[in-house]
Amino acid sequence: MNITHLECAACGLRHEAQRLHNLCRECGKPLLVRYDLQQAGRTLTKESLNGRRADLWRYREVLPVEGDGNIVSLGEGWTPLFNTGRLGRKVGLRQLYIKDESQNPTQSFKARGMATAVSMAKELGVKKLAVPSAGNAAGALAAYAARAELECFIFMPKDTPRANIVECEQTGAHVTLLDGLITDCGAEVARRKDAEGWFDVSTLKEPYRVEGKKTLGYELAEQFDWRLPDVIIYPTGGGTGLIGMWKAFDEMEQLGWIGPERPRMVTVQASGCAPIVRAFEEGKRFADEFPDAATVASGLRVPRAIGDFLILDALRESGGTAVAVTDAELIAAVAEIGALEGVFCAPEGAACLPALRKLIAEGIVQPEERVVLFNTGAGVKYLESFP
Ligand SMILES: Cc1ncc(COP(=O)(O)O)c(C=O)c1O
Ligand SMILES: [Zn+2]
């Protein structure tokens, strides 16, 4: 067990490990898990990874669960990183990759975060979990809660893609559909959780989903033989994936696995809901709530993110940027990537392609650079969105 403590990402206040926490007790911002990386590095070495299990638990020493028996797994992580062929040639890049997160359990990258969050909930004795979700986080939570023998309560907007609703019902969750956005669902969980005895596993309102998501960063480094790419393009809602990768890069530097260089991190949002893009352009550290949020890329329909400052800090520190694309652009990109590369992307993942084209057109991405697009989910969950 290498965790030393939890640390507030805003004010730095220490919180005790192995206790249930949501947000910082002083300032109400997210908590991050801190490890004794010197100790972790005694057994976790690059060489030691050869032959380890082909899921995210291969990075066991930098994951939060103490007892192996508390690990709740469905085979999450260690997804393929494809070098593209025709797509790269078409946009003029020799080294364009797709990290295909649709190959996770429940078909999205949300499985990573829920695997670690549910494992920790089990370890810390939680019995009932609740989450507001745009869809994929709900499906993942339902599956892991079932496997952990925990009860789970899910709140989603009523116009969430039907596949997400059905998968939750079929994996035993209590599903409530609300006439509103994910922020309204979050408010409902917050209002009821104490009376109901629910532990709130909202994005960044508990410290362990990020730990699962950070393995995206470890995997990228390992799959690229410890040379990180030049640019990472990532569809951002609540931002846990981006925040997690950024955390992983720091940890790997402390482990001595990489140097101080970092990829430029690029956030992609839909133009109908682009609070981070707006805040980035306006030079703000915190994002205003985006009014009348609307996009078919349901995972990007997040008008306000509690980790906004962590996303914006990572974009700026890395020399990256934030790009908005229209629904028409991101839906067209699903068919384009599908036909050229055989990956049926979620609309959120496909949004990376029109964003990349804008960056190339503006000279921000150069032809010789190594670029990774994140396909965070599966197109098959969004059948309503396609012609
Ligand atoms: C397919 C997909 N991509 C991206 C996102 C956004 O992820 P994050 O909240 O980690 O920024 C979501 C969130 O629901 C999603 O379902
Ligand atoms: Zn704090």
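Just so you know, residue 1 is the first one in the sequence shown, and it goes up from there. When a ligand or atom number is given, it counts from 1 through the structure's own listing order. Computed from heavy atoms alone, side chains included, the values below leave out hydrogens, waters and symmetry copies.
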Polar contact flag for Y234 and ligand 1 (N/O pairs, less than 3.5 Å): yes
Would you call R162 and E167 a side-chain contact if the rule is heavy atoms closer than 4.5 Å? no
Where the side chain of R301 meets the backbone of A297, is there a donor-acceptor pair that is under 3.5 Å apart? no
Can you give me the closest heavy-atom contact between P229 and R370, atom names plus distance? CB-O, 3.7 Å
Could you check whether K122 pairs with E149 (Lys NZ or Arg NE/NH1/NH2 to Asp/Glu carboxylate O, under 4.0 Å)? no
N/O to N/O below 3.5 Å, does that happen between T236 and ligand 1? no
Do me a favour and list the nearest non-hydrogen protein atom to atom 9 (O) of ligand 1 with residue, atom name and distance? G238 N, 2.8 Å
Selected option - heavy-atom contact closest to atom 8 (P) of ligand 1, from A350, S298, G239, C352: G239
Give the ring-plane orientation class for F386 versus F344, where under 30° counts as parallel, over 60° as perpendicular and anything between as tilted. tilted
Between ligand 1 and P235, can you find any atom pair, the residue atom being a heavy atom, that is separated by under 4.0 Å? yes
Is there a side-chain contact between F249 and E261, using heavy atoms and a 4.5 Å cut-off? no
Looking only at N/O atoms, are E348 and ligand 1 under 3.5 Å apart anywhere? no
Judged by non-hydrogen atoms, does G241 sit under 4.0 Å from ligand 1? yes
Mind checking whether L150 and V118 have side chains closer than 4.5 Å, heavy atoms only? yes
Measure up the W257 and Y218 rings against each other and bin them: parallel (under 30°), tilted (30 to 60°), perpendicular (over 60°). perpendicular
Name the closest protein heavy atom to atom 2 (C) of ligand 1, giving the residue it belongs to and the distance to 0.1 Å. T376 OG1, 3.4 Å
Short side-chain to backbone donor-acceptor contact, T236 and G239, under 3.5 Å: no
Counting only heavy atoms from other residues, nucleotides and ligands, does the tally under 6.0 Å from NZ of K46 exceed 12? yes
Is it true that E101 lies under 4.0 Å from ligand 1, counting heavy atoms only? no
When clusters are formed by joining ILVMFWY residues with side-chain heavy atoms under 4.5 Å apart, either directly or through shared neighbours, do F309 and V302 land in the same one? no
Please state which part of Y382 comes within less than 4.0 Å of ligand 1, counting heavy atoms only: side chain, backbone, both or neither. side chain
The protein heavy atom nearest to atom 6 (C) of ligand 1 is G237 N, 3.4 Å
What residue and heavy atom of the protein are closest to atom 16 (O) of ligand 1, and at what distance? N136 ND2, 2.8 Å
Short list, please: which atoms of ligand 1 are under 4.0 Å from a heavy atom of K213? 10 (O)
What's the shortest distance from atom 14 (O) of ligand 1 to any protein heavy atom, and which residue and atom give it? K110 CE, 3.2 Å
If you scan protein heavy atoms around atom 7 (O) of ligand 1, the nearest is F109 CZ, 3.1 Å
Can a salt bridge be assigned to the pair R42 and E61 using a cut-off of 4.0 Å between side-chain N and carboxylate O? no
What are the protein N/O/S atoms, named by residue and atom, that sit under 2.8 Å from the Zn ion (ligand 2)? C8 SG, C11 SG, C24 SG, C27 SG
Using the ring of W78 (Phe, Tyr or Trp, six-membered ring only), decide whether R58 places NZ or CZ under 6.0 Å from its centre and within 45 degrees of its axis. yes
Any N/O of A134 closer than 3.5 Å to an N/O of ligand 1? no
Does any N or O of ligand 1 fall below 3.5 Å from an N or O anywhere on T240, backbone included? yes
Establish, for the pair K128 and F199, whether the NZ or CZ atom is under 6.0 angstrom from the six-membered ring centre and no further than 45 degrees off its axis. no
